[in-house]
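Here the structure is laid out as structure tokens; the discussion comes afterwards.
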Amino acid sequence: MRQAKPFHETGYSKQEEKAIYQALKKAGLKADVSWDRILFIISTTMVDLSEGTLVPGAVAYSGKRAHHYRNIIKGLEMAAQAYEALGVREQWHLDDQDRMDWPSLFGRGLTTVRQAAEKPNFHVNLQKTGKLKNYAIHRAVNLLLSIFEDATGIMPQFSPNAYADDLYIGNFHKFAVACIAPVRLVEMKSLRSSIYSAYSERHTTFFPVRKRKSRRAA
């Protein structure tokens, strides 16, 4: 069986585009909204997210990151000390192999690594603890929530329901699934639960608890 090409190489098919449009239309697509613009934004963003999943290490633990940088710094410091311990004549011999300014190389290396360790890396999402998140699907859902609100003027709704065919209901449900399923950011079996998890972080539906009136003492 031939393996499907990654989404960033193919994009949405005409059938998938139609499914997205129908889901948004059923939810209440406003007449004055440009569908072509909406589809362009969704498609380009999903292509970027699809490409991003091909490069490992998008999420990491901050403690482990700091540990790796400490090891590099320690290794460079030990290498610099070992170079000094060689003595001048062995340093000449080493330099004869390849004309390099070893002290300067070690110094620049240490400065660079220390700066990298202190600065945030915008290519990586850091976590302190817990199971590593799938940030790609969180970004996808956040985009789709904004598009849904702008395109319909309706508050998106998505919630579990044990009696529904696919165990979830809500006006945002079909639209989100239609947009994200072809991109394969997560396995299909966990697609809806992953969307709901990302949705819940931004839209927590709650009902205010009515406070009981305090009884006045007779």
Side-chain angles (χ1 to χ4, degrees), residues 1 3-55 58-59 125 127 129-210:
M1 184 176 180
Q3 189 174 3
K5 290 185 177 180
F7 179 82
H8 69 270
E9 292 184 9
T10 62
Y12 291 115
S13 67
K14 292 298 181 182
Q15 186 177 357
E16 289 165 347
E17 289 179 359
K18 183 178 180 181
I20 296 170
Y21 174 76
Q22 292 294 341
L24 196 55
K25 183 179 179 182
K26 186 175 181 180
L29 179 64
K30 293 187 290 188
D32 60 345
V33 172
S34 171
W35 163 245
D36 289 338
R37 180 175 176 276
I38 289 174
L39 181 60
F40 174 78
I41 293 172
I42 295 173
S43 298
T44 53
T45 302
M46 295 303 172
V47 165
D48 289 342
L49 292 174
S50 173
E51 286 183 312
T53 59
L54 300 179
V55 182
V59 190
N125 296 285
Q127 289 181 215
T129 58
K131 183 180 178 181
L132 292 177
K133 285 184 180 180
N134 184 330
Y135 281 87
I137 198 163
H138 281 252
R139 288 173 180 167
V141 170
N142 283 333
L143 168 78
L144 297 177
L145 285 168
S146 297
I147 288 176
F148 185 93
E149 291 181 44
D150 292 340
T152 65
I154 302 171
M155 180 68 74
Q157 298 174 351
F158 192 113
S159 59
N161 187 300
Y163 299 101
D165 291 340
D166 45 19
L167 303 180
Y168 288 89
I169 59 172
N171 54 18
F172 180 69
H173 171 218
K174 298 293 185 183
F175 171 64
V177 171
C179 291
I180 298 176
V183 191
R184 298 185 291 276
L185 297 177
V186 294
E187 294 182 7
M188 281 301 298
K189 63 181 180 181
S190 60
L191 174 63
R192 288 170 176 79
S193 61
S194 298
I195 294 173
Y196 177 67
S197 175
Y199 165 88
S200 299
E201 287 191 3
R202 179 167 164 179
H203 284 270
T204 303
T205 305
F206 68 95
F207 299 93
V209 178
R210 294 181 179 179

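Side chains included, hydrogens not; waters and symmetry mates left out as well; all remaining heavy atoms used. Everything numeric in this text was worked out from a predicted model, so none of it was measured.
- For the pair Tyr163 and Ile169, the minimum side-chain heavy-atom distance is 4.5 Å or more.
- Across every non-hydrogen atom of Trp35 and Leu24, the tightest pair is CZ3-CD2, 4.3 Å.
- In this structure, SG on Cys179 lies 8.5 Å from CG on Leu143, to the nearest 0.5 angstrom.
- Annotation: side chain of Arg192 is in contact with side chain of Asp166 (closest heavy-atom distance under 4.5 Å).
- Taking the side chain as every heavy atom from C-beta outward, Tyr168 and Ile195 never approach each other to under 4.5 Å.
- The two atoms that bring Tyr12 and Val183 nearest to each other are OH-CG2, 4.0 Å, heavy atoms only.
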Problem - side chain to side chain contact (heavy atoms under 4.5 Å, CB included) between Glu201 and His138, worked out - result: CA-CA 9 Å; Glu201 287 191 3; His138 281 252; 3.3 Å; yes
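- Distance CG/Asp36 to CD/Glu17: 9.5 Å, rounded to 0.5 Å.
- Here the CD1-CG distance, from Ile137 to Asn142, works out to 11.0 Å after rounding to the nearest 0.5 Å.
- Heavy atoms from other residues, nucleotides or ligands lying under 6.0 Å from NZ of Lys30 number more than 12.
- Checking side-chain atoms of Glu9 against main-chain N and O of Pro6 turns up no donor-acceptor pair under 3.5 Å.
- When all heavy atoms of Ile180 and Ala140 are compared, the closest pair comes out as CD1-CB, 4.2 Å.
- Of all non-hydrogen atoms in Ser190 and Val186, the two that sit nearest each other are OG-CB, 4.1 Å.
- With sequence neighbours left out, Asp150 forms a side chain to side chain contact (heavy atoms under 4.5 Å, CB included) with no residue at all.
- Put simply, the side chain of Ser200 gets close to the backbone of Tyr196: a donor and an acceptor are under 3.5 Å apart.
- Pairing each heavy atom of Ala136 with each of Leu49, the nearest pair is O-CD1, 3.6 Å.
- Formation of a donor-acceptor pair under 3.5 Å by the Thr45 side chain with backbone atoms of Ile42 is not found in this model.
- Phe40 is linked by a ring-ring contact (aromatic ring centres under 6.0 Å, His included) to nothing, counting only residues two or more places apart in sequence or in another chain.
- Asn171 places a side-chain N or O within 3.5 Å of a backbone atom of Met155 that can act as its donor or acceptor partner.
- Put simply, NZ on Lys18 and CD1 on Ile20 are 13.5 Å apart, with the number rounded to the nearest 0.5 Å.
- Separating the CZ atom in Phe158 from the OG atom in Ser197 is a distance of 10.5 Å, to the nearest 0.5 Å.
- When atom types are taken as modelled, the side chain of Tyr199 and the backbone of Pro156 share a donor-acceptor pair closer than 3.5 angstrom.
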Exercise for the section: Walk me through it: do Leu144 and Phe172 pass the test side chain to side chain contact (heavy atoms under 4.5 Å, CB included)? Expected result: CA-CA 9 Å; Leu144 297 177; Phe172 180 69; 3.9 Å; yes
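- The side-chain heavy atoms of Leu185 and Phe7, taken from C-beta on, include no pair separated by under 4.5 Å.
- To the nearest 0.5 Å, atoms CG (Leu29) and CD1 (Ile38) are separated by 5.5 Å.
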